[in-house]
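Reminder, nothing fancy here: chain letters follow the sequence lines and each chain counts from 1.
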Protein chains: 2
Amino acid sequence: MESKLQDLKSLLATKNYKLTSQRKLILQILLDHQGEHLSAEDIYQIVKQEDSGIGLATVYRTLELFSDLGIIQQLNFDEDRRRYELGTNNDEHHHHLVCEECGRVIEFNDEILEAFEDDLADKHNFKITQHRIKFYGRCKECQ
Amino acid sequence: MESKLQDLKSLLATKNYKLTSQRKLILQILLDHQGEHLSAEDIYQIVKQEDSGIGLATVYRTLELFSDLGIIQQLNFDEDRRRYELGTNNDEHHHHLVCEECGRVIEFNDEILEAFEDDLADKHNFKITQHRIKFYGRCKECQ
DNA sequence: CTGAGTGCAAAACATTTGCATCCAG
DNA sequence: CTGGATGCAAATGTTTTGCACTCAG
């Protein structure tokens, strides 16, 4: 997916940011691990194997940057740490089933909530830009 | 609302836990601040005014305990800290609109998602025990 | 060249834990 | 009395920051 890299390059250019090797590498790792929900530490461990001279702080700063640019999203599974995933290119929302037993996270899509969302926005005069839904329970294995 | 205190007392008794003055005080503060979403630090500040000899660690331990007992719920607004609120007595779910600009949190109820939830549970063979929904956007004031 | 980006170590926070002391039942 | 509960300080774990050095544009 060479396009993602080009996207990043352009995005960075518009803000006078630079496309460094570290940023390229972290983007690549995110691409290689789509569907997983990596923490900064996870990424740091992977990154170290390929380029030992990279700092954890840079991982954090890069994830922060990518998040600001909108190419990744921060996830929060009520753990002690943040996780990250590549944003969905389109508007296809996807959300999570979180197993309270083993912590497994299952993804699902929805297209049902639009009406509900519109209604809600009206009622509270609130301009909704995104939503995040999590269902908690027991997964197949843990029941 | 004397009943809440009695509830707590009974709950504690069944597990051989004790009803200490600190636990009473923290329950009272939670009752006095319904609808707000207090952090441990918030509670600690309030608690200190009324009983200067109480430790932050006790606040955390008490909130943890209350959470286990199910009388409060932990909230996570993608901040750096946890917040807490008294659980809804009945099954009435309530969720949040989070303003991305000012951080304001607006509550709303829903009874719409049941069907969606059932369907989802079926499809993924996932036993859902609760759900958490957050919508993000701009509130009335910040638009 | 030059300012943005990086690595490293130190700092900053929220939360947890060890331990001696205290007190509810 | 006695084990659960507390206060304090120290420890932990994640994320952030200061600063001198590096490198992409």
If I take atom OH in residue A/Y44 and atom C1' in nucleotide D/dG13, what distance separates them, rounded to the nearest angstrom? 15 Å
Please state how far atom CZ in A/R81 lies from atom P in C/dT16, giving the value in whole angstrom units. 14 Å
What integer distance in Å separates A/L56:CG from C/dA12:P? 18 Å
Salt bridge check, B/R83 against B/D42: does any charged N sit closer than 4.0 Å to a carboxylate O? yes
With a 4.0 Å cut-off on heavy atoms, is A/R82 in touch with a base, just the backbone sugar-phosphate, or nothing at all? sugar-phosphate
Working for side chain to side chain contact (heavy atoms under 4.5 Å, CB included), residues A/F77 and A/H37: CA-CA 10 Å; A/F77 296 122; A/H37 306 107; 4.0 Å; yes
What is the separation between atom NZ on B/K9 and atom P on C/dA24, rounded to the nearest whole Å? 12 Å
Closest-nucleotide 5' rank along DNA chain C - winner of B/R83 and B/K18: B/R83
Are A/T20 and C/dT6 close enough that a side-chain N or O sits under 4.0 Å from OP1 or OP2? yes
For D/dT15, does either OP1 or OP2 sit under 4.0 Å from a side-chain N or O belonging to A/Y60? yes
With a 4.0 Å cut-off on heavy atoms, is A/R61 in touch with a base, just the backbone sugar-phosphate, or nothing at all? base
Rounded to whole angstrom units, what separation is found between the CD atom of A/E64 and the C1' atom of C/dA4? 16 Å
I want to check one thing: is the phosphate of C/dG7, taken as OP1 and OP2, less than 4.0 Å away from some side-chain N or O of A/T58? yes
If you check every side-chain atom of B/A40, which of D/dT6, C/dT15, C/dA4 has the closest atom? C/dT15
Compute whether any side-chain donor of one residue and acceptor of the other, for B/Q49 and B/Q45, lie under 3.5 angstrom apart. no
B/L63 CG to C/dA14 P, straight-line distance once rounded to whole Å: 15 Å
Quick one: is A/Q22 getting a side-chain N or O under 4.0 Å of the C/dG7 phosphate, OP1 or OP2? yes
Please report the distance, rounded to the nearest Å, between NZ in A/K24 and P in D/dC23. 14 Å
Between CZ of A/R82 and OG of A/S67, what distance do you get to the nearest 0.5 Å? 9.0 Å
Closest heavy-atom contact between B/L30 and B/F66? CD1-CD2, 3.8 Å
Tell me the interatomic distance from B/L8, atom CG, to C/dG25, atom P, rounded to whole angstroms. 11 Å
